[in-house]
Every structure is written in C-alpha cells, then in structure tokens.
Q: 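Below is one structure. I have some questions about it.
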Amino acid sequence: MRKIALITGATSGIGEATAFMLAENNYKVILTGRRQDRLNALKNKMEKEYSTQVYTLHFDIRNPEETENAIKNLPEEWQNIGILINNAGLAAGLSTINEGDPADWDQMIDTNIKGLLQITRIISKKMIQRGEGHIVNISSIAGKETYPLGNVYCATKHAVQALTKGMRLDFLPYGIKVSSVCPGAVHTEFSLVRFKGDKHRADKVYEGFTPLYANDIAETILFVITRPKHVNIDDILIMPTAQAFSRDFNKKTS
Ligand code: NDP
Ligand code: 8X3
C-alpha cells in the first residue's frame, strides 16, 4: 500500500520539490500552504505527471483551529499519515534586536515553532495509535549557529533542533522515527520573503556561488525516509560546497 506523506509549506521551494520527489516515488501526498491557487496548480500538474493521488489542505499554520480542522476533516482514506514533513517556515527581516520588528518575531515564532508543534501534536497522536510514523523537521544551519542579524530566526531553528530531540525522546516508546534536516543556503523564495519582496536584495544572497537547490534537499529527504525500519537518521547538515558555516562563502566576484 502506498504511504501517505503530508508536507507543510508545499507551495514553493523545498516543500514543492519534496512533494514532486515523493509523488514520483509512489507516495500519496497531502500538500499544505496558504496559497490555494498554487495548491490547485500543483495538484493538477502532479496528478498528470505521476500516477499518484494528491490532496490539498489550505490553512495558515499559525492558526491552531484552522490547522486542527484541516487535519480532522481529511477524508477517511487520507487519515493515516505515515510521514510528516514539517517544512513550512520563514525568516522575516534581518536586523539587530534593538532595531527588530516584534511583528516579524511573532510571524517567525508562530510559524517555525508553534505551527510545527501544533501540527505535530495532532498528527503524532494517530502515529502513536498505529505504532509507526516518521516526522522530518526542516531545520537549518541557523539551528546550529547564530549569525549576525539573524537572532530570532536562528533562535526558532535552534528551537526546531531542540524539539526534534524532544520528539525523538517522546516517541521512542512507539517506534516513531524523528529526523532533522539542516540545509545551508538554498535558492528558493526564502530570501524574497525575508526581504519582503525586494528581489534585488534577495537575488544578491545567491550571487557569486552555486547555492543548493530545492531538489537537493528533496533528494536528502527521500533518503531519510527510505532507510530500513531499524535505521533513524537523527540529524543531517547539508551545505553548498561553496559555503562553510553560516556566513563563510567562497564567492567569485566578476
Ligand atoms: P519558501 O519561501 O520557498 O517556502 C516556504 C513555504 O512555507 C511556502 O510553501 C509557504 O507557503 C509556507 N508557509 C510560510 N508561512 C506559512 C504559514 N503561516 N502557513 C502555512 N504555510 C506557510 O522557502 P523554503 O522552501 O526555502 O523554506 C522551507 C523551509 O526550509 C523553511 O522552514 C526554512 O526555514 C527552511 N530553510 C530554508 C533554507 C534556505 O536557504 N532557503 C535553508 C535552511 C532551512 P504559503 O506562502 O503558500 O503559505
Ligand atoms: C536558511 C539559511 O543561512 O539564511 O535557514 O539562515 S540561512
């Protein structure tokens, strides 16, 4: 029987690439995000390209009621989620704490930490009942290091690292796998979101070196979830060759 994977934040970047990767590899996929138009377009494209089924859920992961209702109202045949990819997340802004915007802090904390916690709480209950499941948290190099001006975003990803360890302990008695995937710079909409639509500033982040692409992370996720039953990948750090640590790049200037 095909496994069901739910991917949060599947409307772009790493989540979208992972959805395609899993559909191609015979998983049934549930795609979530706030942008309904993108969810619809992805479902159509994926069902055409691959002989798999796709279900979409449209909700803001910062809203606990919306999240709970979306999962509760899944049709019976979509209820047994075997794999949860906790990917939805963002950085908002890049500044010192004294210059920081508390609205940005709320958005990052509510999405990256509280949203991840809420959906994990709901879905892990069913995994525990069934005695199987795999939760993959998309963390970051920012969960391992703190870089200048990255204070709150880095704190949220450090929290994801701590929560991954907490989940591993909590779910150990039930045979549920828990993994953390920590990428360095990946060229997605991440910087466009961080710089609030400033494309010029966002593009500059990836200039002069070859970053990771969303597909590189999707391949890593596929590897993580296809290990044998007795193997759990606890934590993977994956970086561009031209990036060592969070702010050390081998950039070529022309
Ligand atoms: P994108 O901006 O391309 O994708 C982010 C996804 O998160 C979108 O699908 C977006 O969907 C979803 N999302 C954001 N806020 C919410 C919300 N409130 N409710 C529901 N969904 C939400 O960025 P990436 O693909 O790069 O980011 C994916 C994850 O990878 C994030 O957790 C990020 O922190 C992490 N990461 C990224 C790195 C990078 O360099 N790009 C490196 C390391 C980690 P929608 O807007 O439709 O709601
Ligand atoms: C995203 C990568 O280095 O901008 O987590 O924090 S970084």
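Both counts, for ligands and for their atoms, begin at 1 and track the order of listing.
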Q: Does the pair K204/D198 count as a salt bridge with the N-to-O cut at 4.0 Å?
A: no
Q: Distance-only, no hydrogens or angles: does the R130 side chain make a donor-acceptor pair with backbone N or O of I81 under 3.5 Å?
A: yes
Q: What do we get for M239 next to ligand 2 when only non-hydrogen atoms under 4.0 Å count, side chain, backbone, both or neither?
A: neither
Q: Under 4.0 Å from a heavy atom of E189: give me the atoms of ligand 1 that qualify, with their elements.
A: 2 (O), 3 (O)
Q: Which is closest to atom 48 (O) of ligand 1 by heavy-atom distance: R38, R34, Q243, Q36?
A: R34
Q: As an exercise, identify every atom of ligand 1 less than 4.0 angstrom from a heavy atom of G184.
A: 40 (O), 42 (C), 43 (C)
Q: Tell me, which protein residue and heavy-atom name are nearest atom 12 (C) of ligand 1, and how many Å apart are they?
A: G9 CA, 3.5 Å
Q: Any side-chain heavy atom of I85 sitting closer than 4.5 Å to one from I135?
A: no
Q: Which heavy atom of the protein is the closest neighbour of atom 6 (O) of ligand 2, given with residue, atom name and distance?
A: Y147 OH, 2.6 Å
Q: Is the shortest distance from a heavy atom of A214 to ligand 1 less than 4.0 Å?
A: no
Q: What atoms of ligand 1 come closer than 4.0 angstrom to any heavy atom of G89?
A: 5 (C), 7 (O), 31 (C), 32 (O)
Q: Within less than 4.0 angstrom of ligand 1, does S139 place any heavy atom?
A: yes
Q: Among R35, K196, K199, exactly one meets salt bridge (charged side-chain N to carboxylate O under 4.0 Å, His left out) together with E189. Which residue is that?
A: R35
Q: Under 4.0 Å from any heavy atom of R194, which atoms of ligand 2 are there?
A: 4 (O)
Q: Check for me whether R34 meets the cation-pi criterion with F59, that is, NZ or CZ under 6.0 Å from the six-membered ring centre and within 45 degrees of the ring axis.
A: no
Q: Could a heavy atom of K157 be found less than 4.0 Å from some atom of ligand 1?
A: yes
Q: Using distance alone, with no hydrogens and no angle criterion, decide if T52 and Y27 have a side-chain donor and acceptor under 3.5 Å apart.
A: no
Q: Counting non-hydrogen protein atoms only, what is the nearest one to atom 43 (C) of ligand 1? Give residue, atom name and distance.
A: P183 O, 3.3 Å
Q: Name the closest protein heavy atom to atom 41 (N) of ligand 1, giving the residue it belongs to and the distance to 0.1 Å.
A: V186 O, 3.0 Å
Q: Counting from 1, what ligand 1 atoms have a heavy atom of Y153 closer than 4.0 Å?
A: 33 (C), 34 (O), 36 (N), 44 (C)
Q: What is the closest protein heavy atom to atom 25 (O) of ligand 1, and at what distance does it sit?
A: I14 N, 2.8 Å
Q: Could you state the interatomic distance from OG1 (T32) to CD1 (I119), rounded to the nearest 0.5 Å?
A: 5.5 Å
Q: Looking just at side-chain N and O atoms, do T120 and N86 make a donor-acceptor pair shorter than 3.5 Å?
A: yes
Q: Return yes when atom NZ of K114 has more than 12 non-hydrogen atoms of other residues, nucleotides or ligands closer than 6.0 Å, and no otherwise.
A: no
Q: Students should be able to answer this: which protein heavy-atom is nearest to atom 18 (N) of ligand 1, and at what distance?
A: D60 OD1, 2.9 Å
Q: Counting heavy atoms not belonging to K43, are there more than 12 under 6.0 Å from its NZ?
A: yes
Q: When rounded to the nearest 0.5 angstrom, what distance separates CG in N137 from NZ in K165?
A: 12.5 Å
Q: Have a look at ligand 1 and work out which part of A10, if any, has a heavy atom under 4.0 Å from it: side chain, backbone, both or neither.
A: backbone
Q: Using heavy-atom distances only, which candidate in L212, N87, I141 approaches atom 32 (O) of ligand 1 most closely?
A: N87
Q: For ligand 1, which atoms sit closer than 4.0 Å to a heavy atom of A185?
A: 40 (O)
Q: Quick one: which of I119, T11, I7, I61 has a heavy atom closest to atom 47 (O) of ligand 1?
A: T11
Q: What I want to know is whether Y153 and ligand 2 share at least one N or O pair that is separated by under 3.5 angstrom.
A: yes
Q: Distance under 4.0 Å to a non-hydrogen atom of A142: what atoms of ligand 2 satisfy this?
A: 6 (O)
Q: Taking S124 for its side chain and R121 for its backbone only, find out whether a donor-acceptor pair lies under 3.5 Å.
A: yes
Q: If the cut-off is 4.0 Å to any non-hydrogen atom of G13, which atoms of ligand 1 fall inside it?
A: 3 (O), 25 (O)
Q: Please report which non-hydrogen protein atom sits nearest to atom 26 (O) of ligand 1, along with the residue it belongs to and the distance in Å to one decimal place.
A: T188 OG1, 2.6 Å
Q: Relative to each other, are the rings of Y55 and W78 parallel, tilted or perpendicular (30° and 60° limits)?
A: tilted
Q: Scan N232, I176, L84, I233 and name whichever one has a side chain to side chain contact (heavy atoms under 4.5 Å, CB included) with H134.
A: N232
Q: May I ask you to identify the nearest protein heavy atom to atom 4 (O) of ligand 1, giving residue, atom name and distance to one decimal place in Å?
A: S12 OG, 3.1 Å
Q: Output the list of atoms in ligand 2 that are nearer than 4.0 Å to some heavy atom of I141, sorted by atom number.
A: 3 (O)
Q: Below 4.0 Å from any atom of ligand 2, is there a heavy atom belonging to K157?
A: no
